A.B. asks: 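Here's a structure for you.
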Number of protein chains: 2
Amino acid sequence: MLNEWLRGEVVNIRCLFTQSLILTIKIKMSHSYTEENYIKTIYKLSANGVQDVNTNAIAEVLETKAASVTDMLRKLSAKDIVNYVKYKGVSLTPQGERVALQIIRRHRLWETFLVEKLKFNWDEVHEVAEELEHISSTLLANRLDEFLGYPKFDPHGDPIPSESGEMKHKKQRLLAEMAIDDAGVVVGVNDSQPLFLQYLDKMGISLGTSIKIIDKIPYDNSLEIGLAQDRCLVISQEVSKNIFISA
Amino acid sequence: MLNEWLRGEVVNIRCLFTQSLILTIKIKMSHSYTEENYIKTIYKLSANGVQDVNTNAIAEVLETKAASVTDMLRKLSAKDIVNYVKYKGVSLTPQGERVALQIIRRHRLWETFLVEKLKFNWDEVHEVAEELEHISSTLLANRLDEFLGYPKFDPHGDPIPSESGEMKHKKQRLLAEMAIDDAGVVVGVNDSQPLFLQYLDKMGISLGTSIKIIDKIPYDNSLEIGLAQDRCLVISQEVSKNIFISA
DNA sequence: TATCGAATTTAGATTCATCTAAAAATAAAA
DNA sequence: TTTTATTTTTAGATGAATCTAAATTCGATA
């Protein structure tokens, strides 16, 4: 009920008689587990330069039906979390973006915790972090951040937003876009699926690994790369498109 | 759907033709956030020697209505989590008890983590742990347990069940039941409400504090107790009934 | 510009957890 | 033992999030 009336984050209530007593309440809007997943998905889909995210894309990511997405978009629109125009697409409002960044912050802090402190492998953390990210206590997130030593990047190389939503931009390029004899260090991955990360582990590639392009095979765009100790291997374009190297 | 058919935890599927191939599947039943809260509540209400927990008691703890409780009891009964007889009351099945102990395990491990690692006060942890306890990953609970050094008791002195559901029984008595000149050490509290714990903090009482009964005031059953360095104070019976002392 | 096909939205139904109000069962008191 | 009070359950409704199937809109092509 209150949620319906008070959509902003800060509300001023002025005394009717004196006009001098102003009560400023900061309202912490909370969103359901489901709403948070939609917000996060819209954020991620608009991150790649996309302006208006379309319904089907959201449905695919969330493994749900387009009709369900439409319903939720109307709801989030009423809450001023998204700009939604029927048939046109959806984008986050500044408010929605703030919410998204907080969710992402919590997700990445938990992933860091799981890997650094609980010795999870980097391919095991996503699923659990998907649950942990919804615990909304700000104190918890901030204390965790402090406990971890204010990390700037998570185990996959993704930047961790600060409490106010800022994040470090890492200068990086895709391994697939480098030229022969270029070299650099792995600073992130573009895909965090367990199968991909397990493959990298097997190949001895992780954050911080030095890589040099030895050759490009034009036939299928696969790459011959050099690692430490003259170790050489060939990786497919599929793989090279999902590894970020320091610029 | 699968949930409806397969209620146990282990299922054997025998090949129809050869009869020799037996597929044993261990099914991890999962319960909704809401179901888990009911299970936990029933466990806690039956812990105090009560055999059959009644509907109203559950409704009161969960701040819901008796009618809602009845609905959920029928549901949990169908899942073999509780023994439920209309109008008579409810108790956990062995299966339900296992589930309850896992939830309590996770709750207490998280409380320990919050206090020991994230520097929460013991009155701040309950609410957050109520959310964290529902994250069901067994790997997470076990790694957390390991990370904390396999603690046997949480910050309120309550025992932490092991993965198999066993817990240390602490020999203890209520401060209210001790005689004049008896002495001992605080090993737990019977009430974890923030207001109570903040009061104890203020009085300088925490786990491990040595207490000696100096006098009992018969008028209102309040106690005069002695702490370290000849510090003396008077506490009400209400308070003394909520502090456990080593036996 | 008329039409086709894909994307999107509406309409109506379902499931879960909840509620209120009324009925039924149990327990306590007269 | 009857009556009364309390507890518990049923019946019917609601809101959130979802679904299917049908209708609508958009954009691209002929």
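None of these values were measured; they are calculated from a predicted model. Each chain gets a letter, A, B and so on, in the order the sequences are listed, and its residues count up from 1.
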A.B. asks: Of all the nucleotides listed (C:dT18, D:dT10, C:dT10), which has the minimum atom distance to the side chain of A:Thr70?
C.D. replies: C:dT10

A.B. asks: If you assign each of A:Tyr87 and A:Met72 to its closest nucleotide in DNA chain D, which residue comes earlier from the 5' end?
C.D. replies: A:Met72

A.B. asks: Which sits closer to the 5' end of DNA chain D, A:Ser32 or B:Ala57, going by the nucleotide each is nearest to?
C.D. replies: B:Ala57

A.B. asks: So, is B:Arg74 near the phosphate of D:dT10, with a side-chain N or O under 4.0 Å from OP1 or OP2?
C.D. replies: yes

A.B. asks: Rounded to the nearest 0.5 Å, what's the gap from NE2 on B:His126 to NE2 on B:His107? Could you check?
C.D. replies: 4.5 Å

A.B. asks: Let me confirm one number: the CG-CG distance from B:Asn83 to B:Leu76, rounded to the nearest 0.5 Å.
C.D. replies: 11.5 Å

A.B. asks: Please work out if A:Ser68 contacts a base, only the sugar-phosphate, or nothing of the nucleic acid, heavy-atom cut-off 4.0 Å.
C.D. replies: base

A.B. asks: Check the distance between C:dT8's C1' and A:Ile58's CD1 and give it to me in whole angstrom.
C.D. replies: 12 Å

A.B. asks: Nearest whole Å is fine: how far is D:dT18 P from A:Leu73 CG?
C.D. replies: 12 Å

A.B. asks: Can you tell me the distance, in whole Å, between the NE2 atom of B:His31 and the C1' atom of C:dC16?
C.D. replies: 15 Å

A.B. asks: Closer than 4.0 Å, any side-chain N/O of A:Lys86 to the OP1 or OP2 of C:dT10?
C.D. replies: yes

A.B. asks: Between C:dT8, C:dT9, D:dT9, which one does the side chain of A:Tyr84 approach most closely?
C.D. replies: C:dT9

A.B. asks: Considering every strand and a 4.0 Å limit on heavy-atom distances, what is the contact class for B:Tyr38: base, sugar-phosphate, or nothing?
C.D. replies: sugar-phosphate

A.B. asks: Answer yes or no: does a side-chain N or O of A:Lys88 lie under 4.0 Å from OP1 or OP2 of D:dG27?
C.D. replies: yes

A.B. asks: Test B:Arg106 against every option in B:Glu163, B:Glu130, B:Glu131, B:Glu36 by the salt bridge (Lys or Arg N to Asp or Glu O under 4.0 Å) rule and name the one that passes.
C.D. replies: B:Glu36

A.B. asks: If we count only N and O atoms by modelled type, under 3.5 Å, do the side chains of B:Ser236 and B:Glu238 hold a donor and an acceptor together?
C.D. replies: no

A.B. asks: Measure CD/A:Glu35 against P/D:dT18 and give the value in whole Å, please.
C.D. replies: 10 Å

A.B. asks: Nearest to the side chain of A:Lys65 - D:dT10, D:dT18, D:dT20?
C.D. replies: D:dT20

A.B. asks: Quick check for you: among C:dC19, D:dT10, C:dT8, whose closest atom lies nearest to any side-chain atom of A:Asn56?
C.D. replies: C:dT8

A.B. asks: Where the side chain of A:Ala67 is concerned, which of D:dT18, C:dT8, D:dT20 is the nearest nucleotide?
C.D. replies: D:dT20

A.B. asks: Tell me: CG of A:Asn37 to C1' of D:dT18, nearest whole Å?
C.D. replies: 14 Å

A.B. asks: Between B:Thr55 and D:dT9, is there a contact of a side-chain N or O with OP1 or OP2 at under 4.0 Å?
C.D. replies: yes

A.B. asks: Between the main-chain N or O of B:Asp123 and the side-chain N or O of B:Asn121, is there a donor-acceptor pair closer than 3.5 Å?
C.D. replies: no

A.B. asks: May I ask you to say what B:Asp71 touches in the nucleic acid, namely base, sugar-phosphate or nothing, with a heavy-atom cut-off under 4.0 Å?
C.D. replies: base

